[in-house]
Peer 1: 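Below is the structure I would like to discuss, written out as structure tokens.
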Amino acid sequence: MLEVNAVDTYYGSSQILHGATLSVGEGEVVGLLGRNGMGKTTLVHTIAGLLKPRAGEITFGGRRISALSAERISRLGMTLVPQGHRIFPSLTVRENLRIARRRSGADGGWSIDEVLDNFPALRERWSVGAGKLSGGQQQLLAMGRALVGNGRLMLLDEPTEGLDPQTVARIGHIIDELRRRGTSAILVEQKVDFTLDRVDRALILSRGKVVHETDRPQALKADSETLHRLMGVTGHAPADVHAPPVVRSPAT
């Protein structure tokens, strides 16, 4: 579905990505790990069209997208949950979700009601301006907007940042549900165990290039030497707090 081949991306004169290469298959969830400042967000923004590579090629669904605008890439079926919960602050929760809704025609598509069932805090703030939400609620709204977009590929850039443990667990259940429904995704996270517990394949990015790849994420979870060498991880994070299972609304 997605192929990123030898991509170089710069901020001004500073090169951030150095021949970054990865792929995501149909229905595959890929975890992207790495220390801070290694280029993970730059890579996601390059894939989404927010940054343009100076070298290399990106294809999505067999179509070259390297030179396309972010808007055109989105229309091809790619959705982004950006770091920093970007939403329309002057619009209400209701308006943010309705604008983002896309009629995909595919079975199992996310509806607004289903998003509200899974994120009750958004239902409670339905008519409130998004700019008045807490940071955590804005992150849930950004996630909800991406879900109702019903894209073929979802880019999740640290979706749990700043969230309480129970809401982090809820986001984890949503990612598990994406896998069940066959939605492809790239998950960028600092939480190593959280990521490795719910991806099909894991990559580690260092200095703008993929330096480690495995289709056995649980084995990587147990490989303390590799995690310490490439990520500085010295121990496992506490187990996720359990949240209620994903609530599914009847198909409409």
Peer 1: Is the backbone of A202 close enough, under 3.5 Å, to the side chain of E213 for a donor and an acceptor to pair up by distance?
Peer 2: no

Peer 1: Check whether the side chains of E189 and T160 place a donor and an acceptor atom closer than 3.5 Å, and report yes or no.
Peer 2: yes

Peer 1: Is D157 salt-bridged to K40, cutoff N-O under 4.0 Å?
Peer 2: no

Peer 1: Determine whether H45 and T42 make a side-chain contact, defined as any pair of heavy atoms from C-beta on separated by less than 4.5 Å.
Peer 2: no

Peer 1: Let me check something: do L51 and V210 share a hydrophobic cluster, defined by ILVMFWY side-chain heavy atoms less than 4.5 Å apart, either directly or through other members?
Peer 2: no

Peer 1: If I compare all heavy atoms of S66 with all of P53, which pair ends up nearest, and what's the gap?
Peer 2: O-CD, 3.8 Å

Peer 1: How far apart are the C-alpha atoms of R201 and L203, what are their side-chain angles, what is the distance that settles it, and do they pass the side-chain contact (heavy atoms from CB on, under 4.5 Å) test?
Peer 2: CA-CA 7 Å; R201 193 155 44 89; L203 313 176; 4.0 Å; yes

Peer 1: How long is the span from the CD atom in Q218 to the CG atom in D193, to the nearest 0.5 Å?
Peer 2: 8.5 Å

Peer 1: From R198 CZ over to L178 CG, what is the distance, rounded to the nearest 0.5 angstrom?
Peer 2: 11.0 Å

Peer 1: Heavy-atom count around K52 NZ within 6.0 Å, excluding the residue itself: above 12?
Peer 2: yes

Peer 1: Does the side chain of V211 reach to within under 4.5 Å of the side chain of L205, using non-hydrogen atoms?
Peer 2: no

Peer 1: More than 12 non-hydrogen atoms from neighbouring residues, nucleotides or ligands closer than 6.0 Å to CZ on R229, yes or no?
Peer 2: yes

Peer 1: Taking all atoms of both residues into account, what is the closest heavy-atom pair of L163 and V168, and its distance?
Peer 2: O-CG2, 3.7 Å

Peer 1: Are side-chain heavy atoms of I65 and T59 found at a separation under 4.5 Å?
Peer 2: no

Peer 1: Can you measure from CE (M38) to OG (S206) and round to the nearest 0.5 angstrom?
Peer 2: 5.5 Å

Peer 1: Search all heavy atoms of G49 against all heavy atoms of I73 and return the closest pair with its distance.
Peer 2: CA-CD1, 3.6 Å

Peer 1: Between N96 and R145, which heavy-atom pair has the shortest distance, and what is it?
Peer 2: O-NH1, 2.9 Å

Peer 1: With a 4.5 Å heavy-atom cut-off, do V81 and L147 have their side chains touching?
Peer 2: no

Peer 1: Could you tell me the separation between the CG atom of L133 and the OG1 atom of T92, rounded to the nearest 0.5 Å?
Peer 2: 9.5 Å

Peer 1: Take atom CZ in R54; do more than 12 heavy atoms of anything else shown fall under 6.0 Å from it?
Peer 2: yes

Peer 1: Output the distance between atom CD1 (I186) and atom CD1 (I47), rounded to the nearest 0.5 Å.
Peer 2: 4.0 Å

Peer 1: Within the side chain of R207, is there an N or O that forms a donor-acceptor pair under 3.5 Å with the backbone of G37?
Peer 2: no

Peer 1: Is any side-chain heavy atom of T167 closer than 4.5 Å to a side-chain heavy atom of Q139?
Peer 2: no

Peer 1: If we only count heavy atoms from C-beta on, is the L230 to R35 side-chain gap below 4.5 Å?
Peer 2: no

Peer 1: Would you confirm whether N5, through its side chain, and E57, through its main-chain N or O, come within 3.5 Å as a donor-acceptor pair?
Peer 2: no

Peer 1: When you measure from the centre of the six-membered ring of W110, is the NZ or CZ of R181 under 6.0 Å away and within 45° of the axis?
Peer 2: yes

Peer 1: Backbone N or O of A121 within a donor-acceptor pair of the E124 side chain at under 3.5 Å?
Peer 2: no

Peer 1: Hey, are R152 and E26 close enough for a salt bridge, meaning a charged N less than 4.0 Å from a carboxylate O?
Peer 2: yes

Peer 1: Applying a strict under-4.5 Å side-chain criterion to I, L, V, M, F, W and Y, I'd like to know whether L80 and L68 cluster together.
Peer 2: yes

Peer 1: Regarding T46 and T9, is there a side-chain donor-to-acceptor distance under 3.5 Å anywhere?
Peer 2: yes

Peer 1: Has the side chain of R101 got a donor or acceptor atom that lies under 3.5 Å from a matching backbone atom of L97?
Peer 2: no

Peer 1: Take L32 and L43, measure what side-chain contact (heavy atoms from CB on, under 4.5 Å) needs, and give me the verdict at the end.
Peer 2: CA-CA 10 Å; L32 186 60; L43 179 53; 3.8 Å; yes

Peer 1: With distance as the sole test, does D223 use its side chain to make a donor-acceptor pair with the main-chain N or O of A219 at under 3.5 Å?
Peer 2: no

Peer 1: Quick one: are M78 and F60 in side-chain contact, heavy atoms under 4.5 Å?
Peer 2: yes

Peer 1: Is there a donor-acceptor contact under 3.5 Å from the side chain of T195 to the main chain of G31?
Peer 2: no

Peer 1: Would you name the heavy atoms of L17 and G39 that are closest together and state the gap between them?
Peer 2: CD2-O, 3.6 Å

Peer 1: Working to the nearest 0.5 Å, report the span between CE of M143 and CD1 of I87.
Peer 2: 16.0 Å

Peer 1: Any sub-3.5 Å donor-acceptor pair from D113's side-chain atoms to S111's backbone N or O?
Peer 2: no

Peer 1: Can you give me the closest heavy-atom contact between G208 and A20, atom names plus distance?
Peer 2: O-CB, 3.7 Å

Peer 1: Test your reading of the model: is there a side-chain donor-acceptor pair from D200 to the backbone of V29, 3.5 Å cut-off?
Peer 2: yes

Peer 1: Is the backbone of I58 close enough, under 3.5 Å, to the side chain of R64 for a donor and an acceptor to pair up by distance?
Peer 2: no

Peer 1: Kindly indicate whether the side chain of V30, heavy atoms from C-beta on, has any atom under 4.5 Å from the side chain of L22.
Peer 2: no

Peer 1: Judged by modelled atom types alone, do N118 and E177 share a side-chain donor-acceptor pair under 3.5 Å?
Peer 2: no

Peer 1: Going only through I, L, V, M, F, W and Y residues with side-chain contacts under 4.5 Å, is there a path from I16 to V7?
Peer 2: no

Peer 1: Does the cation-pi check pass for R123 over F119, that is, NZ or CZ under 6.0 Å from the six-membered ring centre and within 45° of its axis?
Peer 2: no

